[in-house]
Amino acid sequence: MKVLIGGGSGFIGRALTQLLLSRGHEVTLVSRRPGANRITWNELTYSGLPPCEAVVNLAGENILNPFRRWNEAYQKDLLSSRLDTTRILATAIGQAKDPPKAWVLVTGIAYYQPSLTAEYDEDSPGGDFDFFSNLVSKWESAAKLPGDATRQVVVRSGAVLGQGGGAIGHMLLPFRLGLGGPIGSGQQFFPWIHIEDMSGILVHAMEKNHVNGILNGVSPAASTTNAEFAKALGAALGRPAFLPLPTTAVQAVFGRERAVMLLEGQKVIPRRTLASGYQYAFPELKAALKQVVS
Ligand SMILES: NC(=O)c1ccc[n+]([C@@H]2O[C@H](COP(=O)([O-])OP(=O)(O)OC[C@H]3O[C@@H](n4cnc5c(N)ncnc54)[C@H](OP(=O)(O)O)[C@@H]3O)[C@@H](O)[C@H]2O)c1
């Protein structure tokens, strides 16, 4: 396949590109910057979709950048970097003479309301209770295509664990120094997925004609709490991980509304992902973390 990846230069996109190339596919990125094997968003808007069999969108301003204050300008960037890029791709797909077979969008499990007791699968309600859940709803709506010439898949991702970025990027240094620990109470669920499985699910969604609709992009070991995750990461590094990061500190750095993403969590089951036949490379946390810190 020829695959077009919006925001493919980032953390997930680099792993996805490697996996696609290793399977004999060709990759073109859509980026803000021109370069080899890339087109820009402007080129895409004006020239339309280049010939391709699958399209993925991974573009989005980083949500957990600790150096950006939680204010209106940042919220606008988070929204526009996701909604505008998704709309540009959906429009180009809708107008293509020879439309691609698959259109895959990665959103987030922030769609589901944080809870210590509820359990969510892909059919559970959500998407309408706070800034992030609303963002996911608008993002998924922006991806909708007018017809059914192209198969659509949305992967709602948990925290992606991998080398060189993602959720674990900011955590590794304090944990390596023995200064890591649970965030807030540590009781909140922490849905995670290894980057190899995130790329694997995206390729599965592109290659397998029967896959469609929402898939939860989380490991099947969904009942991991943040405290259990901190303990497992400490163990993988051979370091103590007892120092809790206080709620007030997290709220001071990220702002109250954004801090919810770290201080609260949801138990998410990948029911449709498993039913679609995807087989996880890293279903267990211990092996996933061992690979990430190796
Ligand atoms: N990583 C996770 O744990 C995780 C979890 C849940 C959901 N997701 C979602 O999955 C997608 C990919 O995640 P990722 O970790 O690979 O992201 P990332 O590395 O932070 O960024 C992906 C790409 O988005 C583009 N981008 C950044 N800011 C932009 C802006 N203001 N306007 C337009 N494009 C912009 C960049 O591409 P160019 O510089 O080439 O333009 C960047 O390489 C994101 O939408 C993210 O919200 C990620």
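Note that ligands are numbered from 1 as they come in the structure, with each ligand's atoms numbered from 1 the same way.
Between G13 and ligand 1, no N or O atom pair is found at a separation short of 3.5 Å. Looking at ligand 1, you won't find any N or O of S157 less than 3.5 Å from one of its N or O atoms. On a distance-only criterion, V30 and ligand 1 share no N/O pair closer than 3.5 Å.
For F132 and W70, the gap between ring centers is short of 6.0 Å.
In terms of protein heavy-atom proximity, atom 11 (C) of ligand 1 is nearest to L58 O, 3.3 Å. Counting protein heavy atoms only, atom 23 (C) of ligand 1 is closest to G7 O, 3.4 Å. Counting only heavy atoms of the protein, atom 21 (O) of ligand 1 lies nearest to G60 O, 3.7 Å. Given atom 9 (C) of ligand 1, the protein heavy atom at minimum distance is V106 CG1, 4.1 Å. Residue, atom and distance of the protein heavy atom nearest to atom 47 (O) of ligand 1 are R82 NH2, 2.8 Å. Atom 36 (C) of ligand 1 has its closest protein heavy atom at R32 NH2, 3.6 Å. In terms of protein heavy atoms, atom 2 (C) of ligand 1 is closest to V160 CG2, 3.5 Å. Among all protein heavy atoms, the one lying closest to atom 32 (N) of ligand 1 is S81 CB, 3.4 Å.
Its side chain within the 4.5 Å cluster rule, W103 clusters with L4, V30, I39, W41, L44, L49, V55, I88, L89, I93, L145 among the Ile, Leu, Val, Met, Phe, Trp and Tyr residues.
Within ligand 1, the atoms closer than 4.0 Å to a non-hydrogen atom of R33 are 39 (O), numbered from 1 in the order shown. Atoms of ligand 1 lying under 4.0 Å from any heavy atom of T107, numbered from 1 in the order shown and given with element: 6 (C), 7 (C).
With salt bridges taken as basic N to acidic carboxylate O contacts below 4.0 Å, none links R82 and E61. Residues R156 and E122 are not paired through a salt bridge, judged by the lack of any N-O separation under 4.0 Å between the basic side chain and the carboxylate. Note on K101 versus E53: no salt bridge recorded, every NZ/NE/NH1/NH2 to OD/OE distance being 4.0 Å or above.
With a 4.5 Å cut-off on side-chain heavy atoms, E196 and I201 do not count as touching. A 4.5 Å side-chain heavy-atom check between Y111 and S133 finds every atom pair outside the cut-off.
Checked against H204 for a side chain to side chain contact (heavy atoms under 4.5 Å, CB included), the options V155, T273, V211, V153 give a single hit: V211.
Looking at S9, S31, A167, A15, it is S9 that brings a heavy atom closest to atom 43 (O) of ligand 1. Counting heavy atoms only, G158 comes closest to atom 5 (C) of ligand 1 of the residues G108, G158, A159. When F11, W192, W139 are checked for heavy-atom proximity to atom 45 (O) of ligand 1, W139 turns out nearest.
By the 4.0 Å heavy-atom criterion, D77 is excluded from the residues contacting ligand 1.
Between the CD atom in Q187 and the CD atom in E228 there is a gap of 9.0 Å [rounded to 0.5 Å].
Below 30°, between 30° and 60°, or above 60°: for F282 and H194 the angle between ring planes is below 30°, a parallel geometry.
With sequence neighbours left out, R271 forms a salt bridge (Lys or Arg N to Asp or Glu O under 4.0 Å) with D121, D123.
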